[in-house]
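Some notes on the structure that comes next.
Convention: sequence-line order gives letters A, B, ...; per-chain numbering from 1. Keep in mind that the numbers below use all heavy atoms, side chains included, and drop hydrogens, waters and symmetry copies.
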Amino acid sequence: MLDIKFIRENIDFVRTKLEERGDAVDLDQFVLMDRKRRDILQEVETLRSERNSVSKEIGARKKSGQDASDIISKMGSVSSRIKELDESLKEIEALLGGLAMTIPNIPHESVVRGTGDEDNPQVRLWGKKPQFDFEPKPHWDIGEDLNILDFARGAKITGARFTLYRGAGALLERALVNFMLDLHTTQHGYTEVFTPFMVNSESMTATGQLPKFEEDLFKVTGTDYYLIPTAEVPVTNIHRDEILDEKDLPVSYVAYSACFRAEAGSYGKDTRGLIRQHQFNKVEMVKFTRPEESYDELEKLTSNAEEVLIKLGIHFRTVSLCTGDLGFSSAKTYDLEAWMPGQDAYREISSCSNFEAFQARRAGIRFRRGENSKVEYVHTLNGSGLAVGRTVVAVLENYQQKDGSVIVPDALRPYMNGVDRIVSNK
RNA sequence: GGAGAGAUGGCUGAGUGGCCGAAAGCGAUCGCCUGCUAAGCGAUUGUACGCCCCAAAAGGUGUACCGGGGGUUCGAAUCCCCCUCUCUCCGCCA
């Protein structure tokens, strides 16, 4: 959510910035309703003020035994007028709030203008494409040939976009989770948390998934609970409606979680393999920072994610999302795209964003600089460190051998119970 | 799932219709005092929204907020209804 006062006072700037994202938002309607809300508010508050003072007078008269019936009856009509105004106020605030909830964040000034992913500038490139003296296979073939990924049974157990991991495949997934968590906690200063995988609608609203993107979520029937699409949701909500101590900032958390996405609108896209699943694992980093340090922290967070790929020896590039490709809540986002030889393509494996105060305002996450300063919103950031399923894809495709086996990257071996090469057990 | 008890400010905790944005204590901050420390004394100590002032900050003023929502009343922390959460006991259970 944007600051309503800021929109009011910088309407043209906001309009221009939102147009760069390619979003059509009816700001005129917004301004109109905002004006109306304040008009009603003023009237109702004046009446309340009158009622408060007269009620005091009634109390005083009754105490001293005087008659107060004349002003009591007068206040009756004032009260019913207040009730009327309260209702229209509630109505307009619901409309205004609803509208405010659907306005996306303003892109940071460093974000280049563009319309889609083809306009995203590359900011870094690490390593190079591995050379193969054979035709590299896509991971779904590698996984099935090694009997470590079972797509057919995943589909039988649940449905499309669910996968059964087996043996060294399951071990590889678990090893990657532990490797990433250990790296971020022991080398990068994050505190590990483990959260619920279901959250209520309030939490989903705070981070921006609701109300606009409900169709992307799985909802638990008969409850107000949703399966989390990312640990960003529960982790950011840890401090919802709290005022943090400045001395604790920046707060950095890392969390493993399963993630659940309905993938509405992605029919036919990435239907094979692990790239686009309804359920996948992810290690997520989340930060709460002072406003002035959030962009430095975004750079750190992004390099923390990159470090995972570097340690695994996987070639990748980092791009900065252009205005047209930016997510709803984000002011600036870096995507890490790992090289996937079996698909002859770079695929997104991490997304690192600075939301500035957008989520903090929705979620009521604030801090105080000193004893006598007023509270301010923190900036929230998050990034995948990394998407585990896609990292499995990257490992399998980049480390595949001519004989069909897969070498385990050095960094992962301490987590693989002595397995340094995955071979077929068929 | 059944029965009961609770939810008040940073914390503890009083408050059953007007004198309550809310006692008291603790904590915190500032000042005083004590040649250090401790003790003592005094003051301050919530958030949101609106309006005024204004370059802005500060300030002034009004309204709202005692778990959430609704109701009764001239007036609700206080009475009534619904919901959520916490605790205790029973049942069930990884």
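Take A:Ala258 and apply the side chain to side chain contact (heavy atoms under 4.5 Å, CB included) test, not counting sequence neighbours, and it matches A:Phe197, A:Tyr256, A:Phe260, A:Asn281. The side chain to side chain contact (heavy atoms under 4.5 Å, CB included) search around A:Ile72 returns A:Ile58, A:Lys62, A:Ala68, not counting sequence neighbours. Under the ring pair (Phe, Tyr, Trp, His ring centres under 6.0 Å) criterion, A:His188 pairs with A:His184, sequence neighbours left out.
Contacts classified as salt bridge (charged side-chain N to carboxylate O under 4.0 Å, His left out) and involving residues 198-207 of chain A (residues at least two apart or in different chains) are given here: A:Glu202-A:Arg240. Within the structure, every pair that satisfies the salt bridge (charged side-chain N to carboxylate O under 4.0 Å, His left out) test and touches residues 87-101 of chain A, not counting sequence neighbours, is listed here: A:Arg37-A:Glu93. Listed by first then second residue, pairs satisfying ring-ring contact (aromatic ring centres under 6.0 Å, His included) with a partner in residues 14-48 of chain A number zero, not counting sequence neighbours. For residues 173-192 of chain A, no pair satisfies salt bridge (charged side-chain N to carboxylate O under 4.0 Å, His left out), with sequence neighbours left out. The ring-ring contact (aromatic ring centres under 6.0 Å, His included) pairs that include a residue from residues 76-110 of chain A are A:His108-A:Tyr295, where partners are two or more places apart or lie in different chains. Residue pairs satisfying the salt bridge (charged side-chain N to carboxylate O under 4.0 Å, His left out) criterion with at least one member in residues 249-274 of chain A, sequence neighbours excluded, are listed as follows: A:Glu263-A:Arg276, A:Asp270-A:Arg276, A:Asp270-A:Arg347.
Between A:Glu242 atom CD and B:U47 atom C1' there is a gap of 15 Å when expressed in whole angstrom units. Distance CD1 (A:Ile243) to C1' (B:U45): 13 Å, rounded to an integer number of Å. Atom-to-atom, CG of A:Leu47 to P of B:C74 comes out at 16 Å; the value is rounded to the nearest Å. Separating the CG atom of A:Asp245 from the P atom of B:U29 is a distance of 12 Å, rounded to the nearest angstrom. When the C1' atom of B:G18 is taken as reference, atom CE of A:Met75 falls 15 Å away, rounded to whole Å. We find that CG of A:Asp224 is positioned 14 Å from C1' of B:G69, with the value rounded to whole Å. Taking atom CD1 of A:Ile58 as the reference point, atom P of B:G17 lies 18 Å away to the nearest angstrom.
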Protein within reach of the bases, or only the backbone? For nucleotides 48-66 of chain B, mark each nucleotide 5' to 3' as B, S or -, using heavy atoms under 4.0 Å. SSSS------S---BBS--
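Remark: the separation of the C1' atoms in B:A55 and B:U44 is 30 Å, to the nearest Å. Taking atom P on both nucleotides, B:G21 is separated from B:U84 by 31 Å, rounded to a whole Å.
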Please tabulate the protein-to-nucleotide N/O contacts below 3.5 Å involving nucleotides 70-72 of chain B, giving atom names and distances.
| unit_1 | atom_1 | unit_2 | atom_2 | d |
| --- | --- | --- | --- | --- |
| B:G70 | OP1 | A:Lys90 | NZ | 2.3 |
| B:U72 | OP2 | A:Lys83 | NZ | 3.0 |

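No side-chain donor from either of A:Tyr253 and A:Glu284 sits under 3.5 Å from a side-chain acceptor of the other.
Of the charged side-chain nitrogens involved, at least one lies within less than 4.0 Å of a carboxylate oxygen, so that A:Glu84 and A:Arg81 count as a salt-bridged pair.
Consecutive Watson-Crick or G-U pairing (both distances under 3.5 Å) extending over three or more pairs maps onto RNA chain B as B:1-7 with B:84-90, B:10-12 with B:24-26, B:27-32 with B:40-45, B:46-52 with B:59-65, B:67-71 with B:79-83.
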